Amino acid sequence: MPIITTISSKNQTSVPSAIRKKFDLKPADKLEWIVKDDGIIIKKITPLSFEDMKGRYATEESSFNWIELKKKIERGE
């Protein structure tokens, strides 16, 4: 069954309850809008945790200050 929403005069729309529940969408979650020739794809962006980033970008020769990065993330910078 299709789910239909309307764009308001302020160019806003609501995410229907069934979709919010299915994809566990919460206030402040980020959605990525991907434009295709035949339509739009909307994806939830899942931020990487500090540990994910550290594991992804760590190298044996890295002199990156991971502690300072963690502090910045905790401060919301």
Side-chain angles (χ1 to χ4, degrees):
M1 171 175 242
I3 298 174
I4 299 171
T5 62
T6 301
I7 297 175
S8 74
S9 61
K10 294 183 178 183
N11 292 312
Q12 298 173 327
T13 191
S14 297
V15 178
S17 176
I19 293 173
R20 289 193 316 268
K21 289 176 185 174
K22 179 175 175 99
F23 295 100
D24 192 30
L25 297 173
K26 305 280 190 256
D29 281 349
K30 304 287 185 208
L31 299 176
E32 177 181 17
W33 296 67
I34 303 166
V35 178
K36 298 285 195 173
D37 289 337
D38 59 344
I40 302 167
I41 298 171
I42 303 169
K43 291 174 57 177
K44 177 181 177 182
I45 297 175
T46 306
L48 293 174
S49 70
F50 173 75
E51 292 302 320
D52 289 337
M53 286 189 286
K54 186 176 177 181
R56 181 176 287 188
Y57 300 108
T59 65
E60 290 179 21
E61 298 177 16
S62 177
S63 61
F64 193 82
N65 188 336
W66 292 104
I67 295 170
E68 187 59 33
L69 175 61
K70 185 174 183 178
K71 288 178 184 176
K72 285 183 177 184
I73 292 169
E74 289 169 351
R75 291 191 302 256
E77 297 178 9

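Remember, predicted model here, so these are calculated numbers, not experimental data. Starting from 1, each residue takes its place in the sequence as its number.
Between the side chain of Lys43 and the main chain of Ile34, no donor-acceptor pair closer than 3.5 Å is present. One N or O on the side chain of Thr13 and one on the backbone of Thr6 form a donor-acceptor pair closer than 3.5 Å.
Through direct or indirect side-chain contacts shorter than 4.5 Å among Ile, Leu, Val, Met, Phe, Trp and Tyr, Phe23 is connected to Ile3, Val15, Ile19, Leu25, Leu31, Trp33, Ile40, Ile42.
When all heavy atoms are compared, the tightest approach of Thr5 to Pro16 is CG2-CG, 3.5 Å.
Counting heavy atoms of neighbouring residues, nucleotides and ligands inside a 6.0 Å radius, atom NZ of Lys44 exceeds 12 of them.
Here CG of Asp29 is found 8.0 Å from OG1 of Thr46. Values are rounded to the nearest 0.5 Å.
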